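None of these values were measured; they are calculated from a predicted model.
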Amino acid sequence: MICPYVNFDPLVRVRLSYAELVDVDTGGPVKEPTRVRTCWDDQAIYFRFEYRDDYAVSPYVNHDDPLYEHDVVEFFIDKAGEVPAIPYAWSPSSRIPAKARWKYS
């Protein structure tokens with residue numbers, strides 16, 4: 001998937017191509033489809049997740065809660081091949097978007 005450079009336009013993100021997420025085990029379609037669109041400009045990188053979840057569950061609302069244990073949208077940014085990648089996660093019950101960082105030894 002290509003993350004193109006764009007000049008900011010409120011409608012540009014819905015016109016971008018998207019990647020469709022697939023079943024981890026089979027590579028086939030999933031029961032509740034999810035798409036992601038990405039682009040960047042001089043100010044930011046933009047991610048647009050389009051998904052359906054008929055039963056979103058997450059009891060967590062705090063920044064350092066283990067969001068990954070329940071329903072969550074999560075992605076990782078790998079700056080120029082640097083390891084480890086930086087994870088970001090959004091929970092359906094979060095009051096604000098939560099930036100999840102792991103402790104590395």
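Under the 4.5 Å side-chain heavy-atom criterion for ILVMFWY residues, no single connected hydrophobic cluster contains both V72 and V30. With hydrophobic clusters built from ILVMFWY side chains whose heavy atoms lie under 4.5 angstrom apart, L67 does not share a cluster with V57. No continuous path of ILVMFWY side-chain contacts below 4.5 Å connects V24 to Y68, so the two sit in separate hydrophobic clusters. Residue F49 is grouped with residue W40 when hydrophobic side chains (ILVMFWY) are merged at heavy-atom distances under 4.5 angstrom, including chains of intermediate members.
Both the sub-6.0 Å distance and the 45° axial angle are satisfied by R35 relative to the ring of Y18.
One finds the CG atom of L16 at 8.5 Å from the SG atom of C3 (value rounded to the nearest 0.5 Å). The distance from atom CZ of R37 to atom CZ of R15, rounded to the nearest 0.5 Å, is 11.0 Å.
By the salt bridge (Lys or Arg N to Asp or Glu O under 4.0 Å) test, D54 is found to be paired with R52, residues two or more places apart in sequence or in another chain being considered. Residues satisfying the side-chain contact (heavy atoms from CB on, under 4.5 Å) criterion with D42, sequence neighbours excluded, are Y5. With sequence neighbours excluded, no residue forms a ring pair (Phe, Tyr, Trp, His ring centres under 6.0 Å) with Y55. Qualifying salt bridge (Lys or Arg N to Asp or Glu O under 4.0 Å) partners for E69, counting only residues two or more places apart in sequence or in other chains: none. Residues passing the side-chain contact (heavy atoms from CB on, under 4.5 Å) test with L21 are T34, V36, sequence neighbours excluded.
Ring centroid separation for the pair F76 and Y88 does not come in under the 6.0 Å cut-off.
A 6.0 Å sphere centred on CZ of F75 holds more than 12 heavy atoms belonging to other residues, nucleotides or ligands.
Counting only residues at least two apart or on different chains, no salt bridge (charged side-chain N to carboxylate O under 4.0 Å, His left out) pair has a member in residues 23-34.
T38 and P4 make their closest contact through O-CD, 3.3 Å (heavy atoms, listed as atom of the first residue, atom of the second, distance). For the residue pair P59 and H70, the shortest heavy atom distance occurs at CD-CD2, 3.5 Å.
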